[in-house]
Amino acid sequence: MEFKVLGPLRVRSGDVVPALGPRKQRLLLAVLLGHPHGSLSADYLGDALWGPAPPPSAAANLRLYTRGLRTILGADRILREGGAGYRLDVDCAEVDACRFVALVRDGQEALTAEDPVRARPVLGAALELWQGPPFADLAAESALGEERSRLEEWHLVALEQRIEADLRLGEDASLVAELSALVNRHAFRERLWSHLMLALYRSGRRADALRTYRRARRVLIDELGLEPGEELRSLERAILVSDPELNRSRRADGPDLHRSRWTDTTELPARPSVPAQLPGGPLGFVGRDDEIRRLDEITAAAGVVAVVGPGGVGKTALAVRWGQLSRHLFADGQLFVDLRGFGPETPLHPGLVLERFLRALDVPPGRIPAETEERAAVFRSLMADRRMLVVLDNAASAGQVRALLPGAGRSLTLVTSRLRLDGLATTHGVPRISLGPLPMADAVALIRERLPHHGRVAGAEKLAELCDRIPLALRIAASRLEMSTYDSAVAELVAEMTDERVRLDRLAVDEDEISVRAVLRASLRPLNEPVRRMFRLLGLHPGPKPSLAVAAALVGGTAGETRELLGRLVSAHLLQPVSGDHYVMHELVRIYAHERCLAEESADQRDQAMTAMLTWYRDAANAADRVLRPKERPNFGFPTRPMYFADDNAALAWFDADAANLNAAVQGAARSHPALAWQIVAAMYSWLQRRHHTRQWADLHTVAAEAAVRAADPVGEAMIVGRLAVIHSLMGHTERAVAACRRAHRLRLGLGDTLGAATALLNLGAVYINARRSEEAIRWLEEAAGLGASLEGAHHFHALLYSNLGEAHHLVGRLDQAMSHYRTALEISETGCGDRDIAQILVSMSALHRDMGAYESSVSCGERALALAVRTGDTLLRAGAHVALGLAHGARERTEEATAHLEAALAVYEELGHDEAGAVRDHLDRLGARLPGESPR
């Protein structure tokens, strides 16, 4: 019987290829084949088949699958040992993987014996057994990861050795094409680069061989921040001088081989080795002084430390740099391994890494244990009394690292990963240094380091910003400028990269082989599809800080499900959590997410997600607006309230936190979803008013008015244009404000909206009040009163109407009429309006009482207005109440109280950049008060 695992799992008995049954049954056979002659417990097999939480039926199903395999393979093939475990009875000759490994070993022995003629056919026979990735039909099963990684590593070793034999036999030119393809797929295997360089040189292509070295060096530096190893560097030097030895056959250096499971364990080496595996120093290393000091502090007390951060941020470079600076602390040497956690190749299994480490520590290949746990125990024993540095670079997970930790002793393990390695921090208390973008000064220094002229470079800071100050991106950008000889090169590259559509194109070299895209692609690869889709859809979010709630709307999931997806992205350093359940992406990451969304989501899917997101923003903003304006006319009748706000302060805080997102959502939706664009702006009105964001108010409402026209929605246009009139008036643009009011009035009349039409006239009166044209204001306010006389329940409208009439009469000196109107407005507002309306009327009444000489009443109105303003969270209204109180106390010659209130108002106005700041300073000056920041008089 023959068992084939190099490719899809197959069994052949003579000419018969039996079906192996359901997937779990095939997986059971594959796991047993990975442990020939070893007994595996039912618990171990349950975890392999179902993961750490097997179903209640696992034990019964395991027995069912075992019986199924016995029926197919024969009852004597799968043995039950002591009732506690299962064992597969199989010979090495029956398993293609075992024969494959044995042949590769034979080929290695032949090369070691300087017999490439014998080695070549043996290695060729081994490679003929390779029919594709091991267990190809069970590729997603993590239980096979160790065996799959082991066999794939053997495959690469077999290729390297067969090519070594070919080179010794003089078949140089025929190898170039094959090696060119191999280095593209396995860019970090320096032996393949070495073979390609030699094949090119011996084929008469010396220049191409040197170019290949430069390409290999660029890959290693840009991707890992490392110089090539000694083998590549020595070969380059030999090629430069055309060393005659290059044309002679070379002795194999003995590439790492990986022990088969069909070997026995034995004893430890008698003498200690002093390996020095730390790679060459990273080129152009700049900055990271704080992180190096932090490593010095942590490593003085910890046996393990992790450096984590996004791809391309320089984790490997920092680890190697620190290792070089600290070599004197590790008298017994250094071990280094790239765990291949993120890249095109399969991550190294801990068992393979341990085998390499044990070989480096002089354990003979035939005496290395077969099982990972046994190898780990030997490794810990060897390391117990040594003082060594172990660098585990590019870890795929905490699980990949745990078996590689030396245990108690004086050695230090430095782990780098794109993941946060929360599991390692939890189980081993490993301290972590989170590596982020370079400070601006260091980012600029890195750019200048790579340029032909190191002086001040115009535009370097902007270029660093466009690269997110990530070392990989900075190096790629600088590499585009290395050969430039003109001063405008940086400015031209900045101009190109400012366009987001081409920015990632400019951050790539060698046809995207080395690129920011490649790094981000590798970071996404290990994540499952729901997490990758969450990443893609976040690329649709127009603002800088999407929240958990809006992410849930984008993906159409619950808050709990979405939090889990976002957490995976945070762990992979593709997303960063910030305050209030919000998240941020680096710009380059966001651009890549948007690219992937356009490439992988259909137009309908993108539109569905975008509509859901914008609808959520509209409904959340509207819910907050209703809390701020509970007694005023609603913006629209959408009943959905995705968020609850306890009071005014909670609603304002939400607007403050999401203001940039809302603004970006409106700008992005204005053309594609115009109805939602104007609706979001409508829901922001009260917040814009209270926070006095005048420029943003004007800009948003201008965009919203155009969007409402585009959406052919006269109701929306009338609402937005009416509110646009208010901000035009506050900014002193009276004629624009008048035109907007008249447009709103016409639209409202055309819609049969009497309250809206009357409100437009009321706003027109307010515009003329602000312009100090009181008689015109009174005329339009009285017309508004006539139009709205029959309206019932319109408390807010009537309160504003009488308040504005009071202000207009106050301006022309008709104080008794003004007071009568104010009292009517106050009575209406106390019956059917909110605290904010009442406070505004009381501020106006305080001023009128002061002008009438009723100072106690002026103070009383001001104090009540201030209490209400504080309760509403309206900062500008609070400042107005402080001014009213300051002037009332000043009129009573209570200078200390007056000064305190006016200074409180001034602080608000100055913070907001409000025009009233100058008037308050004048009031304080007249009181003889010392203004904030002034010297005593």
Side-chain angles (χ1 to χ4, degrees), residues 31 34 44 47-48 51-52 134-135 139-154 156 186 188-189 223-224 256 258-259 277 303-311 315-316 319 335-358 360 368-380 383 389-407 411-433 522-528 531 568 571-573:
V31 172
Y44 179 92
D47 286 348
F135 310 104
E141 301 294 347
S142 59
L144 300 174
E146 177 179 353
E147 185 68 356
R148 187 182 296 113
S149 296
R150 185 181 75 88
L151 292 172
E152 287 176 345
E153 181 69 12
W154 268 110
L156 285 172
H186 309 288
F188 301 147
R189 293 189 78 95
E223 288 288 330
L224 304 177
D256 286 344
H258 305 283
R259 180 172 173 78
Q277 296 184 350
V304 185
V305 62
V307 177
V308 300
K315 301 178 294 297
T316 302
L335 297 172
F336 179 94
V337 64
D338 177 6
L339 295 173
R340 302 196 314 219
F342 299 88
E345 298 178 289
T346 303
L348 288 181
H349 189 273
L352 297 178
V353 178
L354 286 166
E355 183 169 4
R356 291 184 179 183
F357 283 174
L358 294 177
I368 295 175
E371 299 301 325
T372 299
E373 290 182 7
E374 295 177 15
R375 291 177 180 179
V378 173
F379 179 59
R380 289 193 296 271
M383 297 291 287
L389 172 64
V390 181
V391 179
L392 305 176
D393 187 40
N394 200 14
S397 66
Q400 189 186 26
V401 169
R402 286 192 184 97
L404 306 177
L405 301 181
S411 293
L412 172 72
T413 302
L414 182 54
V415 185
T416 76
S417 180
R418 296 186 193 183
L419 299 182
R420 283 161 41 104
L421 298 179
D422 292 327
L424 206 60
T426 301
T427 59
H428 287 70
V430 174
R432 290 170 291 182
I433 293 178
S523 295
L524 278 176
R525 188 179 292 115
L527 304 177
N528 62 32
V531 179
R568 298 290 181 84
S571 181
H573 286 96

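None of these values were measured; they are calculated from a predicted model.
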Looking at every non-hydrogen atom in both residues, tell me the closest pair between [X] and [Y] and how far apart they are.
X: Arg380; Y: Pro406; result: CG-O, 3.2 Å
X: Leu419; Y: Ser397; result: CD1-CA, 4.3 Å
X: Ser417; Y: Ala395; result: OG-O, 2.7 Å
X: Leu348; Y: Asp338; result: CD1-O, 3.3 Å
X: Met383; Y: Ser411; result: CE-OG, 3.5 Å
X: Val307; Y: Lys315; result: O-CD, 3.7 Å

Would you say [X]'s side chain and [Y]'s backbone share a donor-acceptor pair under 3.5 angstrom?
X: His428; Y: Val430; value: no
X: Ser149; Y: Pro347; value: yes
X: Arg375; Y: Pro369; value: yes

Compare all side-chain heavy atoms of Leu358 with those of Val378 and state whether any distance is below 4.5 angstrom.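 Side-chain contact under 4.5 Å: yes.
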Are any non-hydrogen side-chain atoms of Val353 and Leu339 less than 4.5 angstrom apart?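 Yes, side chains in contact.
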Checking Arg148 now: which residues fulfil side chain to side chain donor-acceptor pair (under 3.5 Å) with it, not counting sequence neighbours?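 By the side chain to side chain donor-acceptor pair (under 3.5 Å) rule, Arg148 matches no residue at all.
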One pair to check against side-chain contact (heavy atoms from CB on, under 4.5 Å): Val304 and Val415. What are the steps and the verdict? CA-CA 8 Å; Val304 185; Val415 185; 4.3 Å; yes
Quick check for you: to the nearest 0.5 Å, what is the distance between [X] atom [atom1] and [Y] atom [atom2]?
X: Asp393; Y: Arg340; atom1: CG; atom2: CZ; result: 12.5 Å
X: Leu404; Y: Arg356; atom1: CG; atom2: CZ; result: 11.5 Å
X: Gln400; Y: Leu392; atom1: CD; atom2: CG; result: 8.5 Å
X: Glu355; Y: Thr372; atom1: CD; atom2: OG1; result: 10.0 Å
X: Glu374; Y: Ile368; atom1: CD; atom2: CD1; result: 12.5 Å
X: Phe379; Y: Leu354; atom1: CZ; atom2: CG; result: 6.5 Å

Ring pair (Phe, Tyr, Trp, His ring centres under 6.0 Å) with Phe135: which residues, sequence neighbours excluded?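 By the ring pair (Phe, Tyr, Trp, His ring centres under 6.0 Å) rule, Phe135 matches no residue at all.
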Got a sec, which residues hit side-chain contact (heavy atoms from CB on, under 4.5 Å) with Arg420, two or more places apart in sequence or on another chain?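 Testing Arg420 for side-chain contact (heavy atoms from CB on, under 4.5 Å), a comparison that skips the adjacent residues, returns Asp422, Arg432, Val570, Ser571, His573.
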Electrostatic pair Glu153-Arg150, nearest N-O below 4.0 angstrom: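 No, no charged N to carboxylate O under 4.0 Å.
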